[in-house]
Participant: 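Dropping the structure in here first, questions after.
Model, not experiment: these values are computed from the prediction. Just so you know, ligand 1 is whichever comes first in the structure, and atom 1 is the first atom listed for that ligand.
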Amino acid sequence: MGRTVSELVSPLVGLWLLLCSWGCPGSAEPRSPPEKIAIIGAGIGGTSAAYILRQKFGKDVKIDVFEREEVGGRLATLTVQGEDYEAGGSIIHPLNLHMKRFVKDLGLSAIPLPSGLVGVYDGETLVFEQSSWFIINMIKLIWHYGFQSFRMRMWVDDVLGKFMRIYSYQSHEYAFSSVEKLLHATGGDEFLGLLNQTLLETLQKAGFSEKFLDEMVAPIMRINFGQSTGLNAIVGAMSLSSSDSGHWAVEGGNKLVCSGLLQASKSNLISGSVMYIEEKTRTKQTGNPTKMYEMVYQIGSETRSDFYDIVLVATPLNQKMSNITFLNFDPPIEEFHQNYEHIVTTLVKGELNSSVFSSRSIDNFGLRTVLTTDNSDSFINSLETKYSVRKKETPQSSTDGTYVWRMFSPETLTKAQILKLFSSYDYAVKKSWLAYPHYEPPEKCPSVILHDRLYYITGIECATSAMEMSAIAAYNAALLAYHRWNGHTDMIDQDGLYEKLKTEL
Ligand SMILES: Cc1cc2nc3c(=O)[nH]c(=O)nc-3n(C[C@H](O)[C@H](O)[C@H](O)COP(=O)(O)OP(=O)(O)OC[C@H]3O[C@@H](n4cnc5c(N)ncnc54)[C@H](O)[C@@H]3O)c2cc1C
Ligand SMILES: *[C@@H]1O[C@H](CO)[C@@H](O)[C@H](O)[C@H]1NC(C)=O
Ligand SMILES: *[C@@H]1O[C@H](CO)[C@@H](O)[C@H](O)[C@H]1NC(C)=O
Ligand SMILES: *[C@@H]1O[C@H](CO)[C@@H](O)[C@H](O)[C@H]1NC(C)=O
């Protein structure tokens with residue numbers, strides 16, 4: 001071979017050898033797996049990451065999952081008279097494929113959720129009321145809103161249909177280094193553009209009427225995200241898909257998926273609160289100085305620390321919530337100033353005073369869900385009957401004519417407020433949350449790669465907050481961590497994946 005060529009090539013080879021000394025695709029010796037991985041947060045994001053990381057890195061890596069409260073995070077139940085009810089994330093869409101697979105892998109059961117009748121309350125009256133007769137619903141919808149609800153379905157299906165491509169990419173193990181790249185790979189410029197548009201302007205441009213937006217769309221945003229149509233159009237479309245049928249939940253409570261994944265991944269749960277993360281150089285047994293992350297955490301009043309090769313953050317990163325300090329990073333790891341919506345869940349077992357909503361007697365009040373419009377001046381965002389996480393069969397009208405109702409409200413309800421809605425009640429329990437981001441497009445999504453081997457899962461909530469989104473982000477971060485560890489750059493941020501995988505079929 002000519003000298004000039006080798007002269008040109010050798011620096012590249014040198015660089016290649018340097019970069020690939022730990023193993024590159026196709027190189028004979030793959031880099032040995034990391035020794036220790038830390039995950040912060042044992043919600044659905046953190047626990048699905050543990051599950052995938054175990055599959056990718058094998059049985060020898062030690063995986064520690066830090067949780068300062070309960071395993072499950074925003075998947076949690078509240079107890080009323082010895083029965084548990086979902087207080088946070090409760091409904092799972094039939095096309096949430098990761099959740100579906102986890103439930104199957106873990107041997108858990110799905111409970112189909114009955115789709116009860118829905119009404120929309122504007123503070124004075126029910127502006128829309130579903131009927132148990134399919135044909136009557138059709139006529140009502142057309143009468144009230146023309147064919148807009150059918151057009152709405154088509155728009156939502158189109159948006160979600162593209163996003164479903166993510167499952168194909170992930171099953172082929174492709175990863176993305178940012179939320180924007182992940183979104184772009186599924187639906188292109190148009191889809192990513194929705195992140196910078198409000199749902200309101202998107203649907204107005206598409207010709208939907210004010211009446212339809214106020215009476216149908218806004219109430220769905222209020223129950224799902226405690227805000228109105230000013231949120232971005234991606235979360236808007238995902239939220240509208242909650243009006244589909246075929247929803248389900250996990251028997252025994254959705255949080256069982258988290259504890260199940262934790263156990264199946266053979267991770268070690270550390271019940272403590274992470275305070276600081278700092279990169280330091282350590283000498284491992286092999287004698288090589290290696291960069292690792294030192295994590296300082298608190299268990300009770302005791303402060304401890306440990307070193308990790310890779311760290312994944314699976315909780316919203318802000319002072320009010322996770323309160324994690326990144327020490328001495330250069331450049332510093334930015335604070336993400338995403339505001340989270342304060343939402344209170346209240347469960348009431350009692351008799352609804354249906355005359356608040358309608359002149360019909362309680363016996364003829366068939367609604368299982370009452371949504372509210374923005375101008376309703378209502379102290380609640382929504383009201384719905386909930387069934388215990390144990391019940392598989394369709395819920396009975398309880399023997400004493402009372403149901404358990406779940407309300408979402410921006411503030412804690414007073415006794416007087418509860419008595420405005422219920423003629424009488426036996427029990428009321430509540431839980432308050434910093435529930436999901438307050439969406440205000442244009443959205444700037446946080447980075448997935450915070451530092452060399454430090455990843456942020458929960459940033460995906462800039463696009464939508466849902467169990468499945470956390471699972472998708474966890475899957476992505478686990479694949480990304482794996483590919484970056486092994487230098488598989490050809491598996492990261494690939495263009496034209498949709499076309500490529502289509503021709504591979
Ligand atoms: C009221 C409500 C209703 C919802 N309804 C639905 C629904 O019907 N369907 C749906 O799909 N989604 C729903 N969601 C959204 C869904 O619940 C969330 O998107 C999802 O559960 C988020 O999971 P996660 O693992 O990303 O975060 P989280 O569940 O918040 O987990 C983060 C965990 O990290 C822990 N943690 C934080 N900081 C530290 C620290 N410093 N050290 C140690 N541990 C720490 C926290 O205690 C927490 O357990 C709802 C959410 C709420 C609040
Ligand atoms: C959305 O807006 C943000 C902030 O203005 C900008 O950084 C980003 O590039 C925009 N994204 C798209 C897809 O237009
Ligand atoms: C955040 O953590 C620091 C110590 O790490 C503590 O002093 C402070 O009170 C915490 N802030 C909140 C809002 O929890
Ligand atoms: C039910 O609500 C109506 C209308 O707000 C009110 O007039 C009535 O007194 C209430 N009934 C009970 C039993 O609280």
Participant: For ligand 1, is there an atom lying under 4.0 Å from some heavy atom of Met99?
Facilitator: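 No.
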
Participant: Going by the atom numbers of ligand 2, which of them fall below 4.0 Å from some non-hydrogen atom of Leu192?
Facilitator: 13 (C)

Participant: Just wondering, do Lys100 and Trp248 contact through their side chains at under 4.5 Å, heavy atoms?
Facilitator: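 Yes, side chains in contact.
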
Participant: For atom 14 (O) of ligand 3, what is the closest protein heavy atom, and at what distance to 0.1 Å?
Facilitator: Asn323 ND2, 3.2 Å

Participant: Between Arg304 and Met295 (side chain of the first, backbone of the second, donor and acceptor by atom type, cut-off under 3.5 Å), is there such a pair?
Facilitator: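 The answer is no, because no donor-acceptor pair under 3.5 Å joins these two groups.
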
Participant: State if Ile324 counts as touching ligand 1 under the rule of any non-hydrogen atom under 4.0 Å.
Facilitator: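 Checking ligand 1 against Ile324, which is what was asked, there is a heavy-atom contact under 4.0 Å.
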
Participant: Flag this pair as yes if the NZ/CZ of Arg74 is under 6.0 angstrom from the six-membered ring centre of Tyr436 and inside a 45 degree cone about the axis; otherwise no.
Facilitator: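 Verdict for Tyr436: no cation-pi partner in Arg74.
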
Participant: Among protein heavy atoms, which sits nearest to atom 34 (O) of ligand 1, and what does the distance come to when rounded to 0.1 Å?
Facilitator: Gly41 CA, 3.2 Å

Participant: Taking atom 1 (C) of ligand 2 as the point of reference, which of Leu195, Asn232, Asn196, Leu183 owns the nearest heavy atom?
Facilitator: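 It is Asn196 that holds the nearest heavy atom.
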
Participant: Which residue, Asn96, Leu261, Thr47, forms the side chain to side chain contact (heavy atoms under 4.5 Å, CB included) with Phe102?
Facilitator: Leu261

Participant: Would you please determine whether Tyr297 falls within less than 4.0 Å of ligand 1 on a heavy-atom basis?
Facilitator: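 In this structure, Tyr297 fails to qualify as a contact of ligand 1 - no heavy atom is under 4.0 Å.
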
Participant: If you count the atoms of ligand 1 from 1 in the order shown, which ones are under 4.0 Å from a heavy atom of Gly43?
Facilitator: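 Those of ligand 1 that fall under 4.0 Å from Gly43 are 25 (O), 29 (O), 31 (O).
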
Participant: Considering non-hydrogen atoms of the protein only, which is the closest contact for atom 16 (C) of ligand 1, and what is the distance?
Facilitator: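 Nearest neighbour among protein heavy atoms for atom 16 (C) of ligand 1, to 0.1 Å: Met467 N, 4.0 Å.
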
Participant: Identify the closest protein heavy atom to atom 7 (O) of ligand 2: which residue and atom is it, and at what distance?
Facilitator: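 Heavy-atom neighbour on the protein nearest atom 7 (O) of ligand 2: Lys444 CD, 4.2 Å.
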
Participant: With backbone taken as N, CA, C and O and side chain as the heavy atoms from C-beta onward, which portion of Ile91 lies under 4.0 Å from ligand 1: side chain, backbone, both, or neither?
Facilitator: both

Participant: Look at atom 28 (P) of ligand 1 and say which protein heavy atom is nearest, naming residue and atom and giving the distance to 0.1 Å.
Facilitator: Arg74 NE, 3.6 Å

Participant: Which residue from Ser470, Ala314, Ala42 reaches closest to atom 26 (O) of ligand 1 through any of its heavy atoms?
Facilitator: Ser470

Participant: Please classify the Ser465 to ligand 1 contact at 4.0 Å (heavy-atom distances, strictly less than): side chain, backbone, both or neither.
Facilitator: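 Both backbone and side chain.
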
Participant: Give the atoms of ligand 3, by number and element, whose distance to some non-hydrogen atom of Tyr276 is under 4.0 Å.
Facilitator: 5 (O)

Participant: Quick check on Cys258 - does any of its heavy atoms sit under 4.0 Å from an atom of ligand 1?
Facilitator: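 Contact check Cys258 vs ligand 1: negative.
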
Participant: Does some non-hydrogen atom of Thr458 fall short of 4.0 Å from ligand 1?
Facilitator: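 Heavy atoms of Thr458 do come under 4.0 Å of ligand 1.
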
Participant: Using a heavy-atom cut-off of under 4.0 Å, does the side chain or the backbone of Glu70 touch ligand 1, or both, or neither?
Facilitator: backbone

Participant: Please identify which of these residues, Ile223, Val370, Val404, Val118, meets the side chain to side chain contact (heavy atoms under 4.5 Å, CB included) condition with Glu384.
Facilitator: Ile223

Participant: Among protein heavy atoms, which lies nearest atom 13 (C) of ligand 3, and at what distance?
Facilitator: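 Here the closest protein heavy atom is Gln319 O, 3.9 Å.
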
Participant: Measure from atom 46 (C) of ligand 1 to every heavy atom in Glu67, Arg68, Gln298 and give the option owning the shortest one.
Facilitator: Glu67

Participant: In terms of atom number and element, which parts of ligand 1 are under 4.0 angstrom from non-hydrogen atoms of Leu75?
Facilitator: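 With Leu75 as reference, the close atoms of ligand 1 come out as 17 (O), 21 (O).
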
Participant: Considering non-hydrogen atoms of the protein only, which is the closest contact for atom 52 (C) of ligand 1, and what is the distance?
Facilitator: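 Nearest protein contact, heavy atoms only, for atom 52 (C) of ligand 1 is Tyr436 CE2, 3.9 Å.
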
Participant: Looking only at protein heavy atoms, which one is nearest to atom 5 (N) of ligand 1, and what is the separation?
Facilitator: Gly89 CA, 3.3 Å

Participant: Using distance alone, determine whether Ser90 and ligand 1 share an N or O pair under 3.5 Å.
Facilitator: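 Min N/O separation from ligand 1 is below 3.5 Å for Ser90.
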
Participant: Heavy-atom contact under 4.0 Å between Gly72 and ligand 1?
Facilitator: yes

Participant: Could you check if a side-chain atom of Phe357 sits within less than 4.5 angstrom of a side-chain atom of Leu352, using non-hydrogen atoms only?
Facilitator: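 A side-chain contact under 4.5 Å exists here.
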
Participant: So if I count the atoms of ligand 1 from 1 in the order they appear, which ones are less than 4.0 Å from some heavy atom of Phe408?
Facilitator: 1 (C)

Participant: Looking at atom 53 (C) of ligand 1, what's its closest protein heavy atom, distance included?
Facilitator: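 Going by distance alone, atom 53 (C) of ligand 1 is nearest to Ala435 CB, 3.4 Å.
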
